[in-house]
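Only one structure is covered here, and it is reproduced in the block below.
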Amino acid sequence: MPQHPETLALHAGWRRDPATKAVAVPIYQTTSYQFDDAAHASRLFGLEELGNIYTRIMNPTTDVLEQRVAALEGGVAALAVASGQAASAMAVQNLAVAGDNIVSSTALYGGTWNLFANTLKDQGIEVRFVDAANPEAFVRASDDRTRAWYAETLPNPKLEVFPIAEVAALGRPMGIPLIMDNTAAPTLVRPFEHGAAVVMLSTTKFLGGHGTSIGGIIVDGGNFDWAAHPQRQPALHRPDPSYHGAVWAEAAKAMGPIAYILKARVTLLRDLGAAMSPFNAFLTLQGIETLPLRMREHCRNAEAVADFLAGRPEVTRVIHPKYLKGEAAARTAKYLTRGHGGLLGFELAGGVEAGRRFIDALNLVYHVANIGDARSLAIHPASTTHSQLSPEDQLATGVSPGYVRLSIGLEHPEDILADLGQALDASAG
Ligand SMILES: *Cc1c(COP(=O)(O)O)cnc(C)c1O
């Protein structure tokens, strides 16, 4: 199988339907699967053999999606779930239980911030936040109950690439895996190439690509030596009473280096039940067929917009990977070799009021709480996505009052620039 993303996006995990020879991936809209006989059923339930039992745990349509995303990310296996939020939560809960902690970059999606600062805390999992600009901060914030480190590849709103290799290399000798949220940079950055152990993505965004389906996925890099760190990773070494005392780091060995993702599927997904529907898996697969192609256009159009905004008098600052300075610029050059992504932000000289006027004047560009759509999107985070955060927390995640975020779509660039230009005229009041 060739390893180029354009080819994997069309072919990985599927050739044709074994039952009908259909080329398009069928939507297996079924809850359950007939067992061959009693012995077969008990082998499946005992994990002596992997196979379909019930769609809450696995489904043939979803399985193709999982194989395809695992191939695109360069991992060994994946687990699709109901949303990006479910993926973030389960990626952490798979290693950390009450009394444990993880260390996370402060530069996070607003929903992840709430999950980490409030809901996981209520569940007894402490999240310690550190500034990603300093990789050593992850080591300093860790203790013997630290189970994982967490960060986003290209976090909003600063769009400063996370130092993946620098941080992953510090964690590995300590037995601490780096979990990367790669939602904003699929096909552009492959975190496993830089030492990350787990990747999660909201498939709602660029993978689905057309604003139709909420979904999330966790990918196992198969590159982390869990068995070497029994003290650090008790979740994979404690006998699991729900599988007759199975120890995941050992039990999965015969199936390949998939201990992490197998445990997530057969314990967390089984018990918490945040499964992706087969229909959403189908729509996400449809989106992925053009992902590499779309990412190139997103990158090209976003760069045209960044250059346009940089020349406008109403704009005091353009936030785009190409426009970063110093260490952040060096990280752009190191990690974003395949393109700068489809996201950018800017600040208006006129502050909050100019921001509201700008948003209200847009005609072509949609005002929605999403990114990664084929259409161009805009939002004012301080009054929407980040409004549940305190003003201090907003600033900690990089949201200033006059900041506008854009997710640039696939329209003709001249039409995007024309709409932004007239909205900038209107923003001056
Ligand atoms: C949207 C998003 C999420 C959450 O995904 P949902 O599919 O909306 O639950 C997580 N991380 C990032 C970076 C996102 O943009």
Side-chain angles (χ1 to χ4, degrees), residues 62 65 69 73 78-93 102 104-120 127 129 132 150-162 164 178-189 191 196 198-219 269 272-277 279-281 283-284 287-288 291 295 298 302 319 321 341-345 366 368-373 377-379 381 384-386 388-389 397-399 405-409:
T62 310
L65 172 65
V69 175
E73 287 291 349
L79 178 65
V81 292
S83 67
Q85 284 298 116
S88 306
M90 286 172 55
V92 172
Q93 290 168 325
I102 68 162
S104 171
S105 166
T106 50
L108 289 176
Y109 172 69
T112 311
W113 180 279
N114 281 327
L115 168 70
F116 284 3
N118 301 305
T119 298
L120 286 186
V127 181
F129 295 102
Y150 192 101
E152 294 181 12
T153 306
L154 190 56
N156 257 310
K158 291 183 186 167
L159 300 177
E160 295 177 0
V161 192
F162 184 77
I164 308 171
L178 177 61
I179 303 172
M180 289 301 306
D181 177 340
N182 202 33
T183 302
T187 74
L188 303 179
V189 180
V198 175
V199 164
M200 69 70 52
L201 302 117
S202 165
T203 61
T204 312
K205 315 294 170 54
F206 290 101
L207 271 68
H210 299 81
T212 62
S213 314
I214 299 283
I217 198 160
I218 309 168
V219 189
L269 186 60
L272 300 175
M276 178 184 278
S277 83
F279 187 57
N280 276 13
L283 289 171
T284 305
I288 288 172
L291 176 67
M295 290 310 290
H298 282 298
I319 301 110
L343 306 179
L344 72 150
Y366 280 88
V368 298
N370 191 21
I371 59 166
D373 196 304
L377 317 172
I379 201 151
T384 55
T385 52
H386 286 61
Q388 283 137 325
L389 276 56
T397 67
V399 168
R405 184 189 74 200
L406 300 173
S407 173
I408 296 301

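Every number for a ligand or one of its atoms is a count from 1 in the order of the listing. Numbers here are sequence positions counted from 1.
- Within the 4.5 Å cutoff, side-chain heavy atoms of Leu120 are placed close to those of Leu115.
- Looking at heavy atoms from C-beta onward, Phe206 lies out of side-chain contact with Leu201 at the 4.5 angstrom threshold.
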Sub-3.5 Å pairs, protein N or O with ligand 1 N or O:
| unit_1 | atom_1 | unit_2 | atom_2 | d |
| --- | --- | --- | --- | --- |
| ligand 1 | 5 (O) | Ser202 | OG | 3.1 |
| ligand 1 | 7 (O) | Gly84 | N | 2.9 |
| ligand 1 | 7 (O) | Ser202 | OG | 2.8 |
| ligand 1 | 7 (O) | Thr204 | OG1 | 2.6 |
| ligand 1 | 9 (O) | Gly84 | N | 3.0 |
| ligand 1 | 9 (O) | Gln85 | N | 2.8 |
| ligand 1 | 11 (N) | Asp181 | OD2 | 2.7 |
| ligand 1 | 15 (O) | Lys205 | NZ | 2.7 |

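- Asn182 contributes a side-chain N or O that, together with a main-chain N or O of Val189, makes up a donor-acceptor pair within less than 3.5 Å.
- For the side chain to side chain contact (heavy atoms under 4.5 Å, CB included) test with Ser202, the passing option among Thr183, Asp181, Leu207 is Thr183; the others fail.
- Glu73 places no side-chain N or O within donor-acceptor distance of the main-chain N or O of Val219, the cut-off being under 3.5 Å.
- Between Phe129 and Trp113, the ring-plane angle classifies as parallel under the 30° and 60° cut-offs.
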